[in-house]
Amino acid sequence: MPIRPLVSYSIERVEVLREDGTVDEELMPSLSADEIQRLYEHMVLTRRFDERMFKLQRQGRLGTFARVTGQEGAQIGAVFALRPDDWLVPAFRENGALLWRGITMTQLLQYWSGDERGGAFPRALRTLPISIPVGTHLLHAVGIGWAMKEAGEDSAVLTFFGEGATSTGDFSEALNMAGVFQVPVVFFCQNNQYAISVPFTRQTAAPTVAQKALGYGIFGVQVDGNDVFAVYRATREALERARSGKEPTLIEAHTYRVTDHTTSDDARRYRSDEEVAAWLKRDPIERLAHYMRAQGFLDEAREAEIAAEADRKVAEAVEAFESIPPPEPEEIFRHVFAQKTRPLEEQEAALLARWERRR
Amino acid sequence: MPIRPLVSYSIERVEVLREDGTVDEELMPSLSADEIQRLYEHMVLTRRFDERMFKLQRQGRLGTFARVTGQEGAQIGAVFALRPDDWLVPAFRENGALLWRGITMTQLLQYWSGDERGGAFPRALRTLPISIPVGTHLLHAVGIGWAMKEAGEDSAVLTFFGEGATSTGDFSEALNMAGVFQVPVVFFCQNNQYAISVPFTRQTAAPTVAQKALGYGIFGVQVDGNDVFAVYRATREALERARSGKEPTLIEAHTYRVTDHTTSDDARRYRSDEEVAAWLKRDPIERLAHYMRAQGFLDEAREAEIAAEADRKVAEAVEAFESIPPPEPEEIFRHVFAQKTRPLEEQEAALLARWERRR
Amino acid sequence: MARLNMVEAIDQCLLQEMQRDERVIVLGEDVGRDGGVFRVTEGLFERFGPQRVIDTPLAESGIVGMAIGMAIAGFRPVAEIQFSGFAYPAYDQLVCHAARMRNRSRGEFTVPLVVRTPYGGGIRALEHHSESMEAVFVHVPGLKVVVPADPYEAKGLLASAVRDPDPVIFFEPARVYRAIRTEVPEEPYTIPLGKARMVREGRDVTLIAWGAQVRIIREAAERLAAEGVAEAEVVDLRTLSPFDHETVIDSVKKTGRAVVVHEAPRTGGFGAEVSAQIMERAVLHLEAPVVRVTGFDTVPPLAKLEDYYQPDVEAVVEAVRESLRF
Amino acid sequence: MARLNMVEAIDQCLLQEMQRDERVIVLGEDVGRDGGVFRVTEGLFERFGPQRVIDTPLAESGIVGMAIGMAIAGFRPVAEIQFSGFAYPAYDQLVCHAARMRNRSRGEFTVPLVVRTPYGGGIRALEHHSESMEAVFVHVPGLKVVVPADPYEAKGLLASAVRDPDPVIFFEPARVYRAIRTEVPEEPYTIPLGKARMVREGRDVTLIAWGAQVRIIREAAERLAAEGVAEAEVVDLRTLSPFDHETVIDSVKKTGRAVVVHEAPRTGGFGAEVSAQIMERAVLHLEAPVVRVTGFDTVPPLAKLEDYYQPDVEAVVEAVRESLRF
Ligand SMILES: Cc1ncc(C[n+]2csc(CCOP(=O)(O)OP(=O)(O)O)c2C)c(N)n1
Ligand SMILES: Cc1ncc(C[n+]2csc(CCOP(=O)(O)OP(=O)(O)O)c2C)c(N)n1
Ligand SMILES: [Mg+2]
Ligand SMILES: [Mg+2]
C-alpha cells in the first residue's frame, strides 16, 4: 500500500559469548572473576538440582514438575542482575531463579512433592509463589511495579514466562498497562521454542517475541538465551531503565527446552532427536565453562569441586526434605482467609471429627 | 542497546481525499459516479437516522445507544468494499454499517428500544448481531474466517471495534490466532480517540493502533478515517488480500467521536469544546460533498433531495417501528435452546400463570 | 443526618477511606476524570489526583490482575468493574489469584482487594448490563461476596470491605443507586461482613433476600401485614460469603416458613444454598417447604420484558400465601 | 464387546463423530500431533489432518471464541480446554456469547459447540489441575453441562453433545480416565442429555452424584447392602443442566432419604440445587433432611492432603447412617 510512513522500528538481538567461548569484548558486561564464578556455580547447582529432582520424581517422591535444564543461561543470567529489594514474579519453570533469590531447595522439594507448606516463600525475599496458569502473573508484576513507583522505591520487578504465554490475553493486557502506566517491570520471556508440543512457529506468526513490545509502545529486544553474558547485560540495562526512567522492557531470550515439557510429557511425540541434539551442543553451562577455562577461571579440578559441592548441597536438601513430617489436614483450612469464617470452622471440625472416628 | 538488527518495520498512513475536497489522483480508488453517489446517500441516511434516533431516545422511546455521527466515513467506506457473501461482525456503534448490509431501520429501532426481537438479523445477510462486550467479537470473526477458508469459499470477514477494544485480551488473542491460522479477516478499528472518557493516549503507549499488527506478524495500516476514499481503498485491498492470500489485516481508521459516548454519557466532563469543534470541521460527509460538488455530482438541489429522501425513509421506519406490538413474555424463553428444556417449560408456565392471575 | 442515595454513600465512603488510609487507591475504566459512569467516584480524582484515582485501559482482567499486584505490594486497591456483566474476563484472576494468593503462599502474600461493580436489572439497560451472577462468585473459595441493600448499608459494608485483609467482591444493585435515600452518618462507620441484618421482626414466615430484593421483601412484608395475612420476618443477608446461616436459621426456627428471593437465574442461584442449609439445620421446624422466588434460567431480557423477569412484591406475596396454604 | 477406559471411549467417539459429520472439528492446545496431554485425541491428527484437528496457540478465551465463530459459520467444533482449571479465561466467551448467540439473534445464529475438559481431583496434580467448579457453569443460562461417570456413558453422552444444536460443556473426570474399563460398543450410540441414570435400585435411601463420585456412591451402596444397613438407590445425574429432577424426585419419594455427593466446594455447589429441589418437590416424603457430602470451601489441596478433601466411600456410608439415625 502507498503513502506516508508514520512510524518505523527495528528489533535487535544481543550476543556476547560465542559458542567457542570467546566474547565480544565491546559488549562484555563488567563482571568480576568472582561474579562469573558465582554465576557458573549457580548454573551448575541449578542443573544438578534439576537432575536430582527428576530422579526423585521418577521414584514417585515428587509430583509433576517442569525442568529448567538447558535454560540456566537465560534464567540465571537474568536474576543475577536483580537486587534483593527488586521483585521476582515467576511462572513454574523457575527453580533456578528461585534458588538464587534465597528460596531453599528443601522448600522447593516440599512444594513439588505436593505439600502446600512449600509455597510459603518468605515475604522478605520479594519473590512471589509459583504461578501455574500461564500468562496470568504478568499482571501482578505490573501492579507491583506500579506500587514500587508510587511508593517511591527504586526497586524494579522481573517476571518470567514462556513464549506460549505471549498468546494469552493477560500478556497483552499486562504489557499494554505497563506502557500506559510506565512501570518499572522487565518482562522476561524464555522463548524455549515449545509450549508443550506447540512449536513457536505455530504459537504466533510474528518471527520474534521481542517485536510484540511494539504494539504497546515499550522497548523490546532479543538476546541469545544460552549466552549468560548477553542475558545479564540486557537484563541489567532493562532494570536500569526501569529504575531510573520507570520504563518497562520486553526481553526475549532465545533458548530451547532440551527436556520434556514436564515430567508428564514425552517430547519425542512431537519433535525430532536431531533438533534436540543440535541445541544440546549450545548448552549454556558448557559455553560459559569454555570461556572460564580460557580465562583461567576454571580447570578440571575446580569443575569437579563445584559439581561435588552442588551435589552435596542437593543431597543435604533432599535429606532435610525427607525428614519433613506430612502436613496435617488443618492446613487445608489455615490460609483461606486471614480469619477462619464460620462455614470453614464448621467444615474443619467436621473433617477432623470424621478422621478421628476412623482412627 | 547494541547489536544486530533482526527485523524492521514501518507503518504507513493512507490519505486520498483532502479537506479541501480534492483527491490524490494516483491513490483515488476506481469508483463510478453512481457508486460515489450511493456512498454519499448512505452516509447521509446514516447521519439522519442517527439524529432521529437521538431524538427518540431523548423522548424516552429508545434506550441507551451509541451514535455513529462523525464516523460515517470510516464505517460506510469500509462496508462499501464488502460483497454480500462476506461477513460483517459488528460491535455496538455500527448502525450505519448494519443498514448497508440490509438490516432495516425498523429492526434497529426495535432492538435499541429494548425489544430482543430486533436482534434477529437474518442469517442470509451474514451479519452478526450487536455485540456489547468490548473486544470479544473479534474472535468470532476469526472463527468465521477460518470456516470460510476451510469451506473453500472466497468470502472474507470484516469486523469493527474501537481503539478501546485493542486493550482487551481478546483483541490480542484474535489477532494472534488470525496470524497463525492465516484467516481472511479484516480487523477494522475505528479509532475515534475515546473509550468513553479515556483518551487514546491513556489507552495505550503505542502511538498508533496499526502497529499492533506487528506483534502478530500481520499487516497493519492507518487511514484517515474521515476520508471515505482512503478507507474504501484500504479496506478493498485488505479484503482482496484476505480472499486471495487468506491474509488478515489490521486497519486503523483515524477518526473522532464527535458525540457523547452514548446517550447516557456527557462528554463535556472530560474533553474540551475546542477539541470537538476542530474535529467537526473535518466532517466526512461534508468532505465528500465538497469533492462531489467539484466533480459536478452534487448541487444544492440534489443535496436537499437526498436529505429529504433519507428523512422520508427514516420517518417510514419510525412509523413501522411504532406499530410493532410489544413482545409477549414467552419471548424470554423462546430462544434459550433449540428445544425448551423441562426447567424452562416449568418456569415459563409459572410465569404465565402468575401474570394470568394478575389480569 | 444527611439523607444520601447509594451513589453518594459509596462515594463518601471511598473518600473517607482514602483519607483514612493512604494505601487505598481507586482504579477502573472512567473512574477518574469522568467520575465513573454512575458517578460513584465523583470528585475523587479532583481530590486525590491521578496517582490514587486511576483511569485504566479497557481490560477487566488487567484491572483485577494489576490490582492484585498492587495489593500484594502493600496497597489497598478498590477496583471498579463498570458493570458486573463485564466481570467475567476478570473471573480467572479472581478465582485463580485474588482468592488464592494467601493460601498458595501460606499467608506470606495477601490480596486486600475490593472489586466494586454495579449489578442487577431493573434499569432498562442494554444486554449484559443487568446481570445478577453473584452465585458464581460465592462458590469461589477465598473470595468474600457482599451485596448492600441501601445507602446506609452500602457505606458501612464497603468500609469493612476496604479494611478487610482479603479479597471482597462488592455488588452494588444499580437499580437502588438513586432510587432511595436513607440517613447516612457523616462519620465513617463499619458494618461487619458475615452478619445478616434483621430488617423486620415477624412470626409467621421468614423472607430472605439481599441487594435490591430487600426492598421488595420488605414491601411484601408490609403488604402482608396490612392485609392481615401474616407477620413476616425480613432478613437482609448482606454478605453471601461468608453466609450467616445463624440469623436465617434462628428466624426459620421461629417462623417455620421461608421464602428466599433473588433475581439471578433460578438453577444454582444462592437461593438453593439458603434452602439447602435450612433443610440441613432446621427441617424439623418447617411447616412448609422453602420457596424460591427468582429470575429464570434465561438470558435476562431487554427493557421491554424486564418486568416479567424481575421478582416483584406481588410474586413474593403470592409465594408467602402458597407457603401458608401448604 | 471391547472393554475401554474413558480416554479410549472418548477418543473413539470423537473419531466416529468426525467420520459421521465432516463439520465436526477438534481444536485446542496440544490436541494435534501430541494427541492431547491425556491422549484423549490420540490418532485423530494422523487420521484427519491439521485442518480438522487443530493445535491452537495458548489462549483459552481465543479457543472458545474462535470456536464460537466456527460454529456460527456452520461447523461443529469440539474444543478442548486442557484442564478445567484453565477454563476461567474462557468463561466470558461461554457466558456472554456461546450461551447467548441464539437468544440474541432469535435463532438466526447458533453455537453448536462442545467444550471438553478434564476435571476434578484425585490425580495428585499441581495447583489448578484438580478443579471441580461445574456449578458456575450450571448457573449460566443457555449452556448445557454434562459429566460422564464411566467409559460407556462418556461415549454416548459425548455423541449427544456433539450432535446437540446448542453449546455443551463436557466435564471429563480425570481420575476416571484410566481408572476403570467398561464394555463399550464399537458402533456409535447416543445417550440423551437431560436424563439421569438409575444405577442401582433400592428402597431406603437415594444416593445422588455425577462423574467420579458415581463410583463412590455405588461402592457405598454395596457396602451398605453387604453390611445390611440399607438398600440404597444410586442415581447418576449425567447432565447437571438441564437437570432431570424427575428421576431424583421419584426416587426420593420412594426412599424418603437422600445423600448428594460432590467434590466441588460445598457452598453453592450443585448439591444445594438438588437439595432445594427435593425440598420443593418432595418435602413431605422426607424421613430425614437431605445430606450433602462435599468438598470444602477451600482451595483444593495439593497431593499430600487430597485424600482429606475428597469425599470417599466411608464418608458416604457415614452420611447414610446419619440420615437413617435422624
Ligand atoms: C492458562 C493455562 N492454560 C494451559 C495450561 C497448561 N500448560 C502448562 S505449561 C503450558 C505450556 C507453556 O508454554 P510456555 O509459555 O512456552 O512455557 P514453557 O513451558 O515452555 O516454559 C501449558 C499449555 C496452563 N498451565 N495455563
Ligand atoms: C468488556 C467490556 N468492558 C466495558 C464495557 C463498557 N463500555 C462500553 S463501550 C466502552 C468504551 C469502548 O471504547 P472503544 O472500544 O474505543 O469504542 P467506541 O465506544 O469509542 O466506539 C466501554 C468501556 C463493555 N461494553 N465491555
Ligand atoms: Mg515455551
Ligand atoms: Mg473509541
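Convention: sequence-line order gives letters A, B, ...; per-chain numbering from 1. Side-chain atoms are counted along with the backbone in the values below, which use heavy atoms only and exclude waters and symmetry mates.
For D:Arg292, the parts lying under 4.5 angstrom from a heavy atom of chain C are both the backbone and the side chain. Residue contact with chain C, scored on non-hydrogen atoms closer than 4.5 Å, is absent for D:Val274. For D:Phe137, no part sits under 4.5 Å from any heavy atom of chain C, backbone or side chain. Heavy atoms of D:Val95 lying under 4.5 Å from chain C belong exclusively to its side chain. Both the backbone and the side chain of D:Thr267 have a heavy atom closer than 4.5 Å to some heavy atom of chain C.
Residues D:Met133 and C:Val136 fail the side-chain proximity criterion, which asks for heavy atoms closer than 4.5 Å. The side-chain heavy atoms of D:Val283 and C:Met279, taken from C-beta on, include no pair separated by under 4.5 Å.
We find the OG-CG distance between D:Ser61 and C:Asp92 to be 10.0 Å, quoted to the nearest 0.5 Å. Separation of atoms NE2 (C:His139) and NE2 (D:His139) is listed at 11.5 Å; rounding is to 0.5 Å. Rounded to the nearest 0.5 Å, atoms CG (C:Leu302) and CG (D:Asn103) are 8.0 Å apart. Note: C:Gln277 CD to D:Ser275 OG = 9.5 Å, rounded to the nearest 0.5 Å.
A parallel orientation is assigned to the rings of D:Tyr91 and C:Tyr91, their planes being inclined by less than 30° (bins at 30° and 60°).
No donor-acceptor pair closer than 3.5 Å links the side chain of D:Glu273 to the backbone N or O of C:Ala272.
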